[in-house]
4 protein chains.
Amino acid sequence: MAPKVSEEYKEKKRQDLLKSAMACFAEKGYQTATIDDIVTHSGMSKGAFYNYFSSKEEIYLTLLKQSVYLSFQKLREAIQSKETAKEKLKHVFDIYSNLDFTKKSIQNHRVQIEFWIIASRNDNLIDHMKTHAKVFHDFLIEIIEEGQKKSEFSKDIKSADVSEIFWAITDGLFLHMLVEKDEFPMKRLYQTAGKMILKYLEK
Amino acid sequence: MAPKVSEEYKEKKRQDLLKSAMACFAEKGYQTATIDDIVTHSGMSKGAFYNYFSSKEEIYLTLLKQSVYLSFQKLREAIQSKETAKEKLKHVFDIYSNLDFTKKSIQNHRVQIEFWIIASRNDNLIDHMKTHAKVFHDFLIEIIEEGQKKSEFSKDIKSADVSEIFWAITDGLFLHMLVEKDEFPMKRLYQTAGKMILKYLEK
Amino acid sequence: MAPKVSEEYKEKKRQDLLKSAMACFAEKGYQTATIDDIVTHSGMSKGAFYNYFSSKEEIYLTLLKQSVYLSFQKLREAIQSKETAKEKLKHVFDIYSNLDFTKKSIQNHRVQIEFWIIASRNDNLIDHMKTHAKVFHDFLIEIIEEGQKKSEFSKDIKSADVSEIFWAITDGLFLHMLVEKDEFPMKRLYQTAGKMILKYLEK
Amino acid sequence: MAPKVSEEYKEKKRQDLLKSAMACFAEKGYQTATIDDIVTHSGMSKGAFYNYFSSKEEIYLTLLKQSVYLSFQKLREAIQSKETAKEKLKHVFDIYSNLDFTKKSIQNHRVQIEFWIIASRNDNLIDHMKTHAKVFHDFLIEIIEEGQKKSEFSKDIKSADVSEIFWAITDGLFLHMLVEKDEFPMKRLYQTAGKMILKYLEK
DNA sequence: CATGAATGAGTCTTCATTCAT
DNA sequence: CATGAATGAAGACTCATTCAT
């Protein structure tokens, strides 16, 4: 027999909880945010929460998987129209430097970085983290190696290292932005970093 | 009334507690590490702890202030002997790329990054953090501008931005190392980043 | 308004729920088994459950009343063909010593004993329990006194006490069997107990 | 350095908690009695409880071990002065039939029997239970076999079976007493059971 | 009647902090 | 000053029961 509420209804509630959880984890951090915070934020009851997620940890992980997945999807799509490796790379820099650095967006990044630290203390989560990191890492390596094949970029350069440095800059800048907030010239810094990397890649 | 114990004795106990606290916060994180963990690690009693620090938060803050201060001192001393700005900069890269990436060292960095996140949620701590960041930031700006004055580096470049990117790379790489652990070629990555920055700075 | 479904249909569902409840209470105990366990086991919905029983307690009580009733019916029927009191008594011993000590049967006994304990804490249930106990108790007393009248058994013996001891042995052995499980020589023990009682009853 | 409170003080508190726990488990049962019930009964705080026992389960187990141990100690001591096996056995019957069937004593037995059921659902506890049961079981077997050696008792009888039946009667009678309460002629029943067993053992 | 999502009081457990000794 | 037992507020999670659909 069909369930009394539609799947869309349930999915919406689930997403509401995820949104509330993101807001709470961002504001207070994983440990400090409570289930009560989340359900109060979402207007649901505690019991309802546990109908959708089995634990605080589970919603946290779901949140992370989802947001990482979504941001990677966007990245991949954005690149498709570009021809040369250099253009692709530039576009990646553009995307990151044009992110809306609204409060909400910043908070998402805070959750991501916090997770990185939490994961580093937990063997189960580490694998999870590595897998996600690899997706982004490989994505950039692919572009760089394409550029090397097409002789846009120097062949003497280790693509993996440049990719690693790019993501380090990304995470490092976000980390700093968390503290510096409004005064942080994220856009300009990102573009500068882009130039720096391109200059290094070019022969 | 004359104090019953010498100041040195008290200072030693304080330092013991700080060391234990660092070990515990590094291993478990600020929220997860308990006062019990710290006093057990240090061999003292809970009562003793509260004679030296008024709260868990206080020892955490003290720790951070102290450890940042120590690492900056080392940095400043290390470059004194160098002549040119380029040499100084290279030396900074060298220092970071030759850090001992032992478990203990990694854990200290984890504490630092975690603090960055915690601070970002607390207006009182943010100022604190900014002040500390500024010390490192200014240190690098000074070197870069010296290089620009001496025409070692291009004058078209914003020194503050390069400094910011350098510290972003530093924090970003440490963040990634936390997860990748032993397999992470920190040294090579640091040297690559150094080359990248130098190439960008040079005319 | 005419009922929408037949009485048989409703009774069938009720019995299904009772069976499921017995299985769950047996497996997990009254407190630990949940309504969810019961409805999952029966394939019904929680709402359906509450159409047939007003509470967890109610289904529990219903179960107990029913199962005690059933087992007594069997006992009474089994005796009818026997002539002498001694034969009747022996047959009771036989019936119990030949019960199938399958997992399911053991679990039923567990439920019975557990109910005994739960009832002992609740004045309403105690009367209930006493009434049921009395049925079994009187049944045995009747046989023994018949034997005394017919001079099969010694008249110096208090029939009620022997009956009480018989049921104590029965419940005690089942209790021990719950723990000893497969290794428990229930059949032999029951027969030994039977001989012991008969020897005592005989002049 | 010496602890600030004596070991006796701590042991007393521990025993207070055990007493309170026994009272609460007896009154409400393991599942229904709460930590709050126990600490309220003992006049301590919830936190204090967890200084002495790590969980509700732990205090429950401790309680069981202790009370079983104590009652067995008493039993063994009581026997020592007796010469013949028959006298020993009679004395065991006497001890049980002269137990004070006060409310408190009855409640202890309720806890014991309830534990038997709980243990039967948990593989870890079952072994525990078997071990305890064996102590009592072996104790009786020893006496019976001594009587067989000395020709006080028939050699055709399986000592283990008689022992098993004795303990079954004991537990069975206690179970029934829980429900019948004051009206239950425990003493007389126990003596009757004793005669029954002795008659069976004698040649 | 059936469904199963929602409710929220109730439970165990943790832990920063206090304070009598 | 040192000790560590005591405190109790707070938090994650459960589950019998209700009720809108």
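Naming convention: chains lettered A, B, ... in sequence-line order (proteins, then strands); numbering from 1 in each chain. Note that these values count all heavy atoms, side chains included, but never hydrogens, waters or copies made by symmetry.
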| message | Is the distance between the ring centroids of A:F25 and A:F115 under 6.0 Å? | response |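 Judged by ring-centre distance (under 6.0 Å), A:F115 and A:F25 do not meet the cut-off.
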
Report which part of the nucleic acid [X] touches: base, sugar-phosphate, or nothing (heavy-atom distance under 4.0 Å, all strands).
X: C:K56; answer: sugar-phosphate
X: B:S55; answer: sugar-phosphate
X: D:Y9; answer: sugar-phosphate
X: A:Y52; answer: sugar-phosphate
X: A:S45; answer: base

| Can you name the closest pair of heavy atoms from B:S120 and A:R110 and give their distance? |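 Minimum heavy-atom separation between B:S120 and A:R110: OG-NH1, 2.8 Å.
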
| request: Taking Watson-Crick and G-U wobble pairs with both distances under 3.5 Å, convert DNA chain F into its dot-bracket string, 5' to 3', dots for unpaired and | for cross-strand pairs. | output: .||||||||||||||||||||

Without decimals, in angstroms, what is the distance between [X] [atom1] and [N] [atom2]?
X: C:I35; N: E:dT3; atom1: CD1; atom2: P; result: 16 Å
X: B:K28; N: E:dC15; atom1: NZ; atom2: P; result: 8 Å
X: B:E7; N: F:dC1; atom1: CD; atom2: C1'; result: 13 Å
X: C:F49; N: F:dC15; atom1: CZ; atom2: P; result: 15 Å
X: B:E57; N: E:dC15; atom1: CD; atom2: P; result: 18 Å
X: D:N51; N: F:dG8; atom1: CG; atom2: P; result: 13 Å
X: B:R14; N: F:dA2; atom1: CZ; atom2: C1'; result: 18 Å
X: D:D36; N: F:dA10; atom1: CG; atom2: P; result: 15 Å

| query | Does F:dA6 have OP1 or OP2 sitting under 4.0 Å from an N or O in the side chain of D:K13? | reply |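 Indeed, a polar side-chain atom of D:K13 lies that close.
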
| query | Within the structure, does a side-chain N or O atom of A:K46 lie under 4.0 Å from either OP1 or OP2 of F:dA12? | reply |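 Checking F:dA12 against A:K46, no side-chain N or O comes under 4.0 Å of OP1 or OP2.
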
Could you go through residues 15-24 of chain A and list every donor-acceptor pair under 3.5 Å that involves a side-chain atom there, pairing it with any protein atom two or more places apart or in another chain?
{"residue": "A:Q15", "atom": "OE1", "partner": "A:Q66", "partner atom": "NE2", "Å": "3.4"}
{"residue": "A:Q15", "atom": "NE2", "partner": "A:E11", "partner atom": "OE2", "Å": "2.8"}
{"residue": "A:D16", "atom": "OD1", "partner": "A:K12", "partner atom": "NZ", "Å": "3.3"}
{"residue": "A:D16", "atom": "OD2", "partner": "A:K12", "partner atom": "NZ", "Å": "2.8"}
{"residue": "A:S20", "atom": "OG", "partner": "A:D16", "partner atom": "O", "Å": "3.2"}
{"residue": "A:S20", "atom": "OG", "partner": "A:H41", "partner atom": "ND1", "Å": "2.9"}
{"residue": "A:S20", "atom": "OG", "partner": "A:S42", "partner atom": "N", "Å": "3.4"}

| said: Quick check: on DNA chain E, is the nucleotide nearest A:M44 upstream (toward 5') of the one nearest B:Y30, or the reverse? Name the residue that is more 5'. | reply: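 Looking at DNA chain E, the more 5' nearest nucleotide goes with A:M44.
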
| request: Could you pick out which residue, A:G47 or B:T32, lies toward the 5' side of DNA chain E when each is mapped onto its nearest nucleotide? | output: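 Between the two, 5'-proximity favours A:G47.
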
| Is C:M44 close to C:F49 at the side-chain level, that is, under 4.5 Å between some pair of heavy atoms? |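 No - every pair of side-chain heavy atoms lies 4.5 Å or more apart.
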
| query | Between E:dA16, E:dC12, E:dT7, which nucleotide has the shortest distance from any of its atoms to the side chain of D:Y50? | reply |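 Taking heavy atoms from C-beta onward, the closest nucleotide is E:dC12.
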
| Roughly how far, to the nearest 0.5 Å, is CG of D:N108 from CG of D:L63? |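 D:L63 CG to D:N108 CG: 8.0 Å, rounded to 0.5 Å.
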
| field | A:D37 side chain to A:T40 side chain, donor-acceptor N/O pair below 3.5 angstrom | value |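 Note: A:D37 and A:T40 side chains miss the donor-acceptor criterion.
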
| message | Main chain of D:A33, side chain of D:K56: is a donor-acceptor contact present, judged purely on distance under 3.5 Å? | response |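 At least one qualifying donor-acceptor pair exists.
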
